[in-house]
Amino acid sequence: MSATSAAPLLALLRESDDAIRSYALESINGIVDQEWPEVSNDLPDIEALYDDLSFSNRKMAALVASKVYYNLGEYDSAVKYALAAEDYFNMSEKTQYVETIVSKSIEMYIKLSTQKYESKETKKDINTKLTSIFEKMLDNCVINGEYRLALGIALEGFRLDIVEKILKDRSKNDTESNTCKLINYVLTASSTTVSNSSFRINILKSLFDIILLSKSIDYFTLLKVVVNLNDPDYAVRLFEKLQTDENTNNSNALSYQIAFDIVASASQGLLTELVNRLTEQNFPTQLLTILSGVPACDMQTTFLLNNKNIDIELLNKTKSALDGKISLFHTAVSVANGFMHAGTADNSFIKNNLPWLGKAQNWAKFTATASLGVINKGNLIDGKKVMNPYLPGSRASSRYIKGGSLYSLGLIYAGYGSDIVDYLMSNIVENSSKTSDPDIDVLLHGASLGLGLAALGTNDSEVNEALSEVLYNDSAVSGEAAALGIGLTMLGSGDEDTINSMFFYAHETKHGNITRGLAMGIALVSYGKQEMADDIINKMLDSENTLLRYGGAFTLAMAYVGTSNNKAIKKLLHIAVSDSNDDVRRAAVTSLGFILLRDYATVPRIVELLSKSHNPHVRCGTAFALGIACAGKALDTAVEVLESLTKDPVDFVRQAAMIALSLIMIQQTDKLNPKVNELNELFLNVITNKHQEGLAKFGACIAQGIINAGGRNVTIQLDNPETNTLDTKSIVGLVMFSQFWYWFPLAHFLSLSFTPTSVIAVNSKDLSIPKFELNCFSRPDVFDYPKMYEEKSSKEVAKVATAVLSTTARAKARAKRMKKEKGEDNEDIQENAEDKTEKDNEEETKSKEGFVKNRYSATPYQIENMKRVLPQQARYISFIKESRFTPVRKNKNISGIIVLHDTKPNEPVEVIKTIRQIKDVNAPVPKPFKIEDDLDFDRL
């Protein structure tokens, strides 16, 4: 039937005969998309027909009502009546109406399922018809082979049962490679998309079981699941399966590779519990040794010592430019020296500058002593031995040296502190009741920081109790450190009792330092807890105490770190523009960097307007946010924003901008990025400029240390590429480093974020480091170290102007006029042409010596094992075909510690000895002797 008006059909709806009304509805259904404005006038009558239980064609009435509401733009009502239409609503129709209803139905289902899953009250069932549409849509995706789409929607709808069904079906009916890709997709989505912590844990546990039941187990994917779960039970099951799997060739070598990967990415708490459990089950000693972290630290320290490329001349220039009698400058050089030598175990700069070191006073002396911990970071074998001359009980009498040395031990053993925890705790237990003594108070300050670092993430109740006793003595100096130590020890535990007691005491104490320490401690305890930390976050942000609001911003950052959570971002942006306190606003903007770690490319766009704020604290926070989120990424858009901030009229904004630039540009070469040389010149110019303020010079000095960190062999890497997890230690290092604003010694925490840029390949037979070469398909000069600093010569011979008589000048001018009149004046043209050619040649040379765009080379050059390999360089590295050594982990990522198969195990091979192996020799016991060159700060 064709009609120009729906009026006749609408009139039939008022008839008493059901057959007539049904005919009218079916006819209206055919024209409703064209005549819906007219039909909408009779919508109440159509709805009444649906409500009439005696009417036989109620579902058709519901379908018509749905289409009218759809055209009116009222989608909730349209979905409601579409669901009521049941079979009359045909999902297979390729119309915009059906697509919209299905889309809105899925949105509604996801919203309701989220509320149902997260609700703590009685759970209300979702409409079965809505569920039916949701499930039919996923079935259609599966039928059409759109498995990722189906899995993604199922995860958003909290339907783990559907996820499991799809993955199990694919494991039976698809290739192992395709199934593994789908499992990794779900794993990635659980880390980046799923916002509910308990649901994420359920997903990971389900994935673990699915992988374990597959015919050919992908142990590296299983490893990712274990590290994300951070549960020792699952880690033990992984190694148990490896030991009994008959389908795995050379299971020991695979176990060693997985153990090295766990050490690189798991928490200290997980590693400690795992070693204890595997020891009870008599697992191989070599595996347990790897899991202790000692071999990895030993190899990395050896790499950093053997390959150090420290720019000593630059450091000496900086030292001479900054007056060591000024505590601010002495601290700056101490921190920069620590960074530049980080992990190298090389304290030669300190030994060679003892008179300068002697200028340190009070807390500058504390910081200088603690810098030895940065230099010896990871030296687990000799760490305590190196610090013995300065520890309590030694000949050192200064309280600042004793306190700094205990802090130093924590920096050395951070994340691997099982061997040093008892010693540090004994210093606290013996002295915790003596905080009224200034000497003991400083010692407890260093011991509390050191103990927190050594027990990082262990959730050790004894350590917690010892630090709590120091805290409740209510001394501003030691209490602040104890609060931070508790946060470090309970890192990521989310322990409610700990959080509540810290929050309560933050209101009780009268010391602002302790309150701030507690606020930051709560942030550390809440690490990664997302919505589970919302209650404490809201309490802190709603507090009248500015220090608690300050900590609340960082608690929000730590709870949602790396999630790019919109709710958290909006909350921080609101605080950044509305809070009455400058420190809180700065903290809020800084915290954006942590939340957007995985989406770092968006940060410059988000904070660009904030970088132009009238408030210098907001601009400062912008710089830190960019430096944190883009650390090690060399992002051009971030550099552009920061370069403008280096010219800011406020000194601490310039300070933050320079530090942020160094974080972003760490491990860049002048061939990779032309900004490297400019930044090094900028930092040195600020340091040597007498007109620059002290805070700006401090920032430039710290920045210089960061950009040249670890002998120019480390970077800042905030995620673990092998396990797709965030690098917790690196993030803790950054968040604690940002607190140097209040307490300079905390700057040393940045050393936790330094990751060696190396390839270290070890033989699975005995974990020795064989000498062999790898191919690098790039231009040899692209990844070279930047040039060392060279003092410009100041003895240039000045050109003496030749005296010209006035009569001679007039004669030359007259001759020139005469030549011009005769058309002979072409000398100037020739000179200009020569000048232009020389200038063009100079620009061309600069271009050739500058930024290299094309890094690939078809002809490779060789790189030796245990040499520097930048993250940007790793893609060009590969094992040489037919090489004697082949990697256990068969993927393209060449970085970190790689376990090797030796195809010729019976043939001799030259090896690289580590520091530990060199010292562990069978030699006769030496005669007693006395060391004369200890760095005795008190005698200086």
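Everything numeric here is computed off the predicted structure, so don't read it as measured data.
- Between the side chains of Ser197 and Gln530, not a single donor N or O lies within less than 3.5 Å of an accepting N or O.
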Check against salt bridge (Lys or Arg N to Asp or Glu O under 4.0 Å), Arg237 and Asp209: CA-CA 10 Å; Arg237 286 176 62 188; Asp209 293 334; 3.3 Å; yes
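- For the residue pair Gln281 / Glu240, a side-chain donor-acceptor distance below 3.5 Å is found, with atom types taken as modelled.
- Between Arg889 and Asp261 there is a salt bridge, with a side-chain nitrogen of the basic residue lying less than 4.0 Å from a carboxylate oxygen of the acidic one.
- Residues satisfying the salt bridge (charged side-chain N to carboxylate O under 4.0 Å, His left out) test with Asp169, not counting sequence neighbours, are none.
- Residues Tyr560 and Asp534 have side chains that bring a donor and an acceptor to within less than 3.5 angstrom of each other.
- Side-chain contact of Asn720 with Thr725: a donor-acceptor pair under 3.5 Å is present, judged by distance alone.
- For Gln268, there are no side chain to side chain donor-acceptor pair (under 3.5 Å) partners, not counting sequence neighbours.
- Not counting sequence neighbours, Asp298 has no partner by the salt bridge (charged side-chain N to carboxylate O under 4.0 Å, His left out) test.
- Residues meeting the side chain to side chain donor-acceptor pair (under 3.5 Å) test with Ser432, sequence neighbours left out: Glu469.
- Judged as a side chain to side chain donor-acceptor pair (under 3.5 Å), and not counting sequence neighbours, Asp422 has no contacts.
- The side chain to side chain contact (heavy atoms under 4.5 Å, CB included) check on Ser493 picks up Asn459, Met490, Asp495, Val525, with sequence neighbours excluded.
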Name each donor-acceptor pair under 3.5 Å that joins a side chain in residues 284-297 to protein atoms two or more places apart or in another chain, with its distance.
| residue | atom | partner | partner atom | Å |
| --- | --- | --- | --- | --- |
| Thr289 | OG1 | Thr285 | O | 2.8 |
| Ser292 | OG | Thr289 | O | 2.5 |
| Ser292 | OG | Val294 | N | 3.3 |

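- In the model, Ser267 has a side-chain atom that pairs as donor or acceptor with a side-chain atom of Asn230 under 3.5 Å.
- Under the salt bridge (charged side-chain N to carboxylate O under 4.0 Å, His left out) criterion, Glu273 pairs with Arg277, sequence neighbours left out.
- In this structure, the side chains of Val236 and Phe283 stay at 4.5 Å or more apart for every pair of heavy atoms.
- In this structure, the side chain of Asn865 engages the main chain of Ala761 through a donor-acceptor pair within 3.5 Å.
- Counting only heavy atoms from C-beta outward, the side chains of Leu187 and Leu204 approach each other to under 4.5 Å.
- Under a 4.0 Å N-O distance rule, the pair Arg884/Asp902 qualifies as a salt bridge.
- Looking at Asn276 and Thr279, their side chains never bring a donor and an acceptor atom within 3.5 Å of each other.
- Sequence neighbours left out, the pairs with a member in residues 222-246 that pass ring pair (Phe, Tyr, Trp, His ring centres under 6.0 Å) are Phe208-Tyr234.
- Two residues are said to be in side-chain contact when any heavy atoms from C-beta on lie closer than 4.5 Å; Thr715 and Pro871 meet this criterion.
- Applying the side-chain hydrogen bond (donor to acceptor under 3.5 Å, both in side chains) test to pairs two or more places apart or on separate chains, those with a residue in residues 727-736 are Tyr527-Thr728, Asp727-Ser730.
- A cation-pi arrangement, defined by a distance under 6.0 Å to the six-membered ring centre and an angle within 45 degrees of its axis, is absent between Lys377 and Phe754.
- For Lys181, there are no salt bridge (charged side-chain N to carboxylate O under 4.0 Å, His left out) partners two or more places apart in sequence or in a different chain.
- Judged as a ring-ring contact (aromatic ring centres under 6.0 Å, His included), and not counting sequence neighbours, the contacts of Phe554 are Tyr550.
- Taking the six-membered ring where the residue is Trp, Phe772 and Phe879 present parallel rings, their angle staying beneath 30° rather than reaching 60°.
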